[in-house]
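Okay, so here's the structure we're looking at.
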Amino acid sequence: MSWIQEAELNLRERLCASILKVGPMPEHVAFIMDGNRRYAQKCRVEREQGHSQGFEKLAETLRWCLNLNIREVTVYAFSIENFKRSKEEVDGLMELARQKFTRLLEEQENLKKHGVCIRVLGNLTLLPVDIQELIAQAVLATQSYNKCFLNVCFAYTSRHEITSAVREMALGVEEGILKPSDLSESLLGRCLYSSGSPDPDLLIRTSGEVRLSDFLLWQTSHSCLVFQPVLWPEYSFWNLCQAILQYQVNHPALQKAKLLHEAACRHQQVEADLACVLEQLGTVGETGGTECKQELILKYSREREERVSNFLQRLENKRRKFLTDLVQSSAPFLRV
């Protein structure tokens, strides 16, 4: 099945969509697509069939999101913890990934038509090399598209993502690109795999489980969390509408909390810059009036931003090189 389906919404769905769009709509929705194995057990089919049905439901859900003008979707496709499952099931999931990413590479015109940028977030080194190469080709082939974004969390856990970000910042300090005083909550967020995306407005988990399972723990601190009892392969347009309605009901409180947090982060950064300037003044024994201190704070802030910008650009280049090297080492389906 295609990653992006072409069918339009039916009359009832279009009517419901038009009503929903009167209210605030999420721009970024994340899904924990849970229930594939239970669906297979319920239907008395092999687990692989349940996972395959789950992918088909993802393609259908992406169509609904496109029609609802939801520009970004993030899905939890495979957790690092899933490697602990039986070898048979893990091998089946890896084979499904091979098939689907190969299919994606065959659908370049469709992805270009809809402007779909594919990102894969996770520790790709844990995957078989051929799947790494397919993923690299897909990511690089669609990187210039910007109408909508699909983030696939594969070989991913949030704790690993945060740990990796901390490690990158520590390396930046060790190499002299950053100063210890440059490290902040804001910088950590910009070092995450998802740094190119806004945080999700809405996170949906299916199957009745009420937990995040180590998914986007940092990014969903101000998201609307919706837990629905339906198994993922049975998910419907109406389930999605129900989740969006819950988001709309909670939107004012979520926005207020988000704005307060952003203001607090800005204040913390100003205080941190002031502390660094005062420390420098104390070290060199200089004194000055308020106007002089303001100039020094602005100067320090510009220098910090330049260091941070250089560090983030270097991190982006490092990640891009990893993907480019994978493509160049394979027999690619395309030229990047």
Side-chain angles (χ1 to χ4, degrees), residues 3-4 26-31 58 62 65-66 69-78 101 104 111-112 114-125 127 132 134-169 171-172 177-178 182-203 214-223 258 261-262 265 305-327 336:
W3 281 69
I4 305 293
E27 296 183 3
H28 182 183
V29 177
F31 291 94
L58 169 60
L62 292 175
C65 289
L66 283 174
N69 298 328
I70 296 171
R71 295 187 66 247
E72 187 151 1
V73 172
T74 299
V75 296
Y76 204 2
F78 190 84
F101 279 107
L104 186 149
L111 293 171
K112 183 177 181 179
H114 292 286
V116 181
C117 176
I118 304 292
R119 300 174 180 142
V120 180
L121 315 181
N123 185 0
L124 302 187
T125 61
L127 301 171
Q132 292 183 43
L134 289 170
I135 288 173
Q137 291 167 28
V139 170
L140 293 177
T142 64
Q143 63 182 338
S144 63
Y145 305 154
N146 58 12
K147 290 184 180 178
C148 52
F149 302 87
L150 172 61
N151 307 312
V152 182
C153 292
F154 207 86
Y156 172 94
T157 64
S158 189
R159 285 175 294 180
H160 182 278
E161 178 183 32
I162 294 169
T163 301
S164 177
V166 171
R167 187 178 294 115
E168 291 291 352
M169 291 194 301
L171 185 60
I177 305 170
L178 295 172
D182 296 333
L183 307 187
S184 66
E185 177 182 329
S186 174
L187 179 57
L188 194 153
R190 295 165 75 181
C191 293
L192 298 174
Y193 295 139
S194 62
S195 59
S197 300
D199 291 342
D201 302 297
L202 170 63
L203 182 144
D214 214 347
F215 179 55
L216 302 182
L217 301 180
W218 184 277
Q219 297 90 333
T220 55
S221 58
H222 297 100
S223 304
K258 184 177 180 180
H261 179 258
E262 290 173 351
C265 286
E305 283 296 331
E306 184 177 356
R307 288 194 299 272
V308 167
S309 178
N310 291 337
F311 166 72
L312 292 174
Q313 185 60 58
R314 182 166 175 170
L315 178 58
E316 176 63 26
N317 292 341
K318 176 182 175 181
R319 290 173 175 173
R320 178 179 170 82
K321 184 177 185 301
F322 172 77
L323 297 174
T324 304
D325 288 348
L326 280 171
V327 170
V336 178

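- With sequence neighbours excluded, the residues satisfying side chain to side chain donor-acceptor pair (under 3.5 Å) with N317 are Q313.
- Scanning for side-chain contact (heavy atoms from CB on, under 4.5 Å) contacts around S186 gives S184, R190, with sequence neighbours left out.
- If you take CD1 on I135 and CD1 on I118, they are separated by 11.0 Å, rounding to the nearest 0.5 Å.
- Considering only heavy atoms from C-beta on, L134 stays 4.5 Å or farther from L104 through its side chain.
- By the salt bridge (charged side-chain N to carboxylate O under 4.0 Å, His left out) test, R314 is found to be paired with E175, residues two or more places apart in sequence or in another chain being considered.
- Every residue meeting the salt bridge (charged side-chain N to carboxylate O under 4.0 Å, His left out) condition with R119, not counting sequence neighbours, appears here in chain and number order: E72.
- Annotation for V327 and L140: closest pair CG2-CD1, 3.7 Å, computed over non-hydrogen atoms.
- Atom OG of S197 and atom CD of Q219 lie 9.0 Å apart (nearest 0.5 Å).
- Annotation: the span from E185 atom CD to C265 atom SG amounts to 4.0 Å, rounded to 0.5 Å.
- Minimum heavy-atom separation, F322 to Q132: CZ-OE1, 3.7 Å.
- For N146, there are no side chain to side chain donor-acceptor pair (under 3.5 Å) partners two or more places apart in sequence or in a different chain.
- Within the 4.5 Å cutoff, the side chain of D201 has no heavy atoms near those of the V29 side chain.
- Under the salt bridge (charged side-chain N to carboxylate O under 4.0 Å, His left out) criterion, R307 pairs with D182, not counting sequence neighbours.
- Taking CG of L150 as the start and CG of L58 as the end, the distance is 6.5 Å to the nearest 0.5 Å.
- The salt bridge (charged side-chain N to carboxylate O under 4.0 Å, His left out) pairs that include a residue from residues 154-164 are R159-D214, where partners are two or more places apart or lie in different chains.
- Classification of the Y76-F215 ring pair by plane angle, with boundaries at 30° and 60°, yields parallel.
- Residues that satisfy the side-chain contact (heavy atoms from CB on, under 4.5 Å) test with T220, not counting sequence neighbours, are P200, L203, L212, L216, S223, L225.
- Side-chain contact between L323 and Q143: absent, with no pair of heavy atoms (C-beta onward) separated by less than 4.5 Å.
- Considering only residues two or more places apart in sequence or on other chains, E306 meets the side chain to side chain donor-acceptor pair (under 3.5 Å) condition with none of them.
- Across all non-hydrogen atoms, the minimal contact from L192 to W218 is CD1-CD1, 3.5 Å.
- In this structure, I162 CD1 and C191 SG are separated by 12.0 Å, a value rounded to the nearest 0.5 Å.
- Side-chain contact check for Y193 versus R319: some heavy-atom pair is nearer than 4.5 Å.
- Residues passing the side chain to side chain donor-acceptor pair (under 3.5 Å) test with T74, sequence neighbours excluded: H28, N151.
- Contact of the L188 side chain with the V166 side chain is registered, since non-hydrogen atoms from C-beta on lie closer than 4.5 Å.
- For the atom pair CG of N123 and NE2 of H160, the computed distance is 4.0 Å after rounding to the nearest 0.5 Å.
- Annotation: salt bridge (charged side-chain N to carboxylate O under 4.0 Å, His left out) contacts of K258 (sequence neighbours excluded): none.
- Shown here is E262, whose CD atom has more than 12 heavy atoms of other residues, nucleotides or ligands within 6.0 Å.
- Annotation: side-chain contact (heavy atoms from CB on, under 4.5 Å) contacts of C65 (sequence neighbours excluded): F31, T61, I70, V73, L240.
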